Chemist: 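Input: one structure, supplied below.
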Amino acid sequence: MKKFDTELPEQYEILKKQANYTSSWRDRLDAVNTLSAYQHEKVIDLLKNRMQHDTVNTVQVAAYEALLAFGEDVEKPSRARFDIIKNTDKIFLRVKKSLPKDHTVADFADKLKRMRLDVYDAYEGDKGVEFMDWLEERWAKL
């Protein structure tokens, strides 16, 4: 069985902020991966929170795997069946209406990223390489 450091890491407060940073799933994933080396009560609580409440399944699974390695009794998070962010279609429609009629999906993606980085980032992280195809499909239906 792997040995973990049981002390709270010196940079815990910075990692805690990073783990909860809504505009970057990559930063949250990095924080979860760094914290997974420290089997401390505060780290376990933070990882449980990320596992249960993160919008991006990749981050949830990383937190789950860290908790499992610590010996915690946790259930693997399942992928969201519906939109991971409430009122996604309303957000997309607002972005689309703010653009000229002859805009492209690339224009739409760029504007979404500027207006709602949190939404863009969450779906990019959740959909992975399929993100642009998924976004184009949603954009076409608006």
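Along the sequence shown, the residues carry numbers beginning at 1. These figures come from a predicted structure and were not determined experimentally. Just so it is clear, the values below take in all heavy atoms, side chains as well, and ignore hydrogens, waters and symmetry mates.
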Chemist: Give, for atom CG of L67 and atom CZ of R50, the distance between the pair rounded to the nearest 0.5 Å.
Modeler: 12.0 Å
Chemist: State whether the number of non-hydrogen atoms from other residues, nucleotides or ligands found under 6.0 Å of K96 atom NZ is greater than 12.
Modeler: yes
Chemist: Within the 4.5 Å heavy-atom criterion, are F92 and V119 side-chain neighbours or not?
Modeler: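 A side-chain contact exists here, since the closest heavy-atom pair is under 4.5 Å.
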Chemist: Among K127, K90, R138, which residue meets the salt bridge (charged side-chain N to carboxylate O under 4.0 Å, His left out) test with D83?
Modeler: R138
Chemist: Parallel under 30°, tilted from 30 to 60°, perpendicular over 60°: which one fits the rings of W134 and Y123?
Modeler: parallel
Chemist: Does the side chain to side chain contact (heavy atoms under 4.5 Å, CB included) test come out yes or no for N20 and N49, once each step is laid out?
Modeler: CA-CA 9 Å; N20 292 304; N49 180 279; 4.1 Å; yes
Chemist: Would the distance check show the side chain of D54 and the main-chain N or O of Q60 forming a donor-acceptor pair, the cut-off being under 3.5 Å?
Modeler: no
Chemist: Any side-chain heavy-atom pair from L68 and V74 closer than 4.5 angstrom?
Modeler: yes
Chemist: Apply the salt bridge (charged side-chain N to carboxylate O under 4.0 Å, His left out) test between K48 and each candidate in E72, E75, E41; give the one that qualifies.
Modeler: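 Only one of E72, E75, E41 forms a salt bridge (charged side-chain N to carboxylate O under 4.0 Å, His left out) with K48, namely E72.
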Chemist: Over all heavy atoms of both residues, which pair between E136 and V105 is shortest? Give the atoms and the distance, please.
Modeler: CA-CG2, 3.6 Å
Chemist: Write down the atom of V43, the atom of P9, and the distance for their closest heavy-atom approach.
Modeler: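 So the two residues come closest at CG2-CD, 4.2 Å.
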Chemist: Could you tell me whether I85 atom CD1 has more than 12 heavy atoms of other residues or ligands within 6.0 Å of it?
Modeler: yes
Chemist: So, are D110 and R114 salt-bridged, with charged N and O less than 4.0 Å apart?
Modeler: yes
Chemist: Any side-chain heavy-atom pair from T55 and T22 closer than 4.5 angstrom?
Modeler: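 Side chain of T55 against side chain of T22, heavy atoms only: no contact under 4.5 Å found.
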Chemist: Using only heavy-atom distances, determine whether the side chains of S36 and N33 contain a donor-acceptor pair under 3.5 Å.
Modeler: no
Chemist: May I ask you to say whether E137 pairs ionically with K141, meaning some side-chain N is under 4.0 Å from a carboxylate O?
Modeler: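 Salt bridge between E137 and K141, a charged N being under 4.0 Å from a carboxylate O: yes.
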Chemist: May I ask you to test the R116-Y120 pair for a side-chain heavy-atom distance under 4.5 Å?
Modeler: no
Chemist: Can a donor-acceptor pair be found, under 3.5 Å and without considering hydrogens, that links the side chain of D107 to the backbone of T104?
Modeler: yes
Chemist: Look up atom CG in L142 and atom CZ in R94, then write down how far apart they are to the nearest 0.5 Å.
Modeler: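 These two atoms lie 12.0 Å from each other.
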Chemist: Stepwise, does the side chain to side chain contact (heavy atoms under 4.5 Å, CB included) test hold for D126 with R79?
Modeler: CA-CA 9 Å; D126 188 63; R79 277 199 174 277; 3.1 Å; yes
Chemist: Side-chain contact, heavy-atom cut-off 4.5 Å: H40 with L35?
Modeler: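 No; the side chains remain at least 4.5 Å from each other.
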Chemist: Would F131 and W25 show up in the same hydrophobic cluster when neighbours are defined by side-chain heavy atoms closer than 4.5 Å?
Modeler: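 Looking at the clustering, W25 is in a separate group from F131.
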Chemist: Where do Y38 and E7 come nearest, in terms of heavy atoms and distance?
Modeler: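 So the minimum-distance heavy-atom pair works out to CD2-O, 3.4 Å.
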Chemist: Grab the two heavy atoms, one from L29 and one from A62, that are nearest each other, plus how far apart they are.
Modeler: CD1-CB, 3.5 Å
Chemist: Atom NZ in K17, atom CG in D27: separation rounded to 0.5 Å?
Modeler: 13.5 Å
Chemist: Kindly compute the distance separating CD1 (I91) from CG (L112), expressed to the nearest 0.5 Å.
Modeler: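 Between atom CD1 of I91 and atom CG of L112 there are 8.0 Å.
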Chemist: For the OH atom of Y21 and the CG atom of D118, what is their distance to the nearest 0.5 Å?
Modeler: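 Rounded to the nearest 0.5 Å, the OH-CG separation comes to 10.5 Å.
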Chemist: Please tell me whether M132 and L99 are part of a single hydrophobic cluster in this structure, the criterion being side-chain heavy atoms less than 4.5 Å apart.
Modeler: yes
Chemist: Which heavy atom in V61 sits nearest to a heavy atom in P77, and how many Å separate them?
Modeler: N-CG, 4.2 Å
Chemist: Flag the pair L135 / E124 as yes when at least one side-chain heavy-atom distance between them is below 4.5 Å, and no otherwise.
Modeler: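 L135 does not reach E124 side chain to side chain.
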Chemist: Ignoring hydrogens, what is the shortest heavy-atom contact between I84 and A122? Give both atom names and the distance.
Modeler: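 Heavy atoms only, the tightest pair is CD1-O, 3.6 Å.
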Chemist: Quick one: do Q11 and T34 satisfy side chain to side chain contact (heavy atoms under 4.5 Å, CB included)? Show the steps, please.
Modeler: CA-CA 10 Å; Q11 70 276 28; T34 301; 4.2 Å; yes
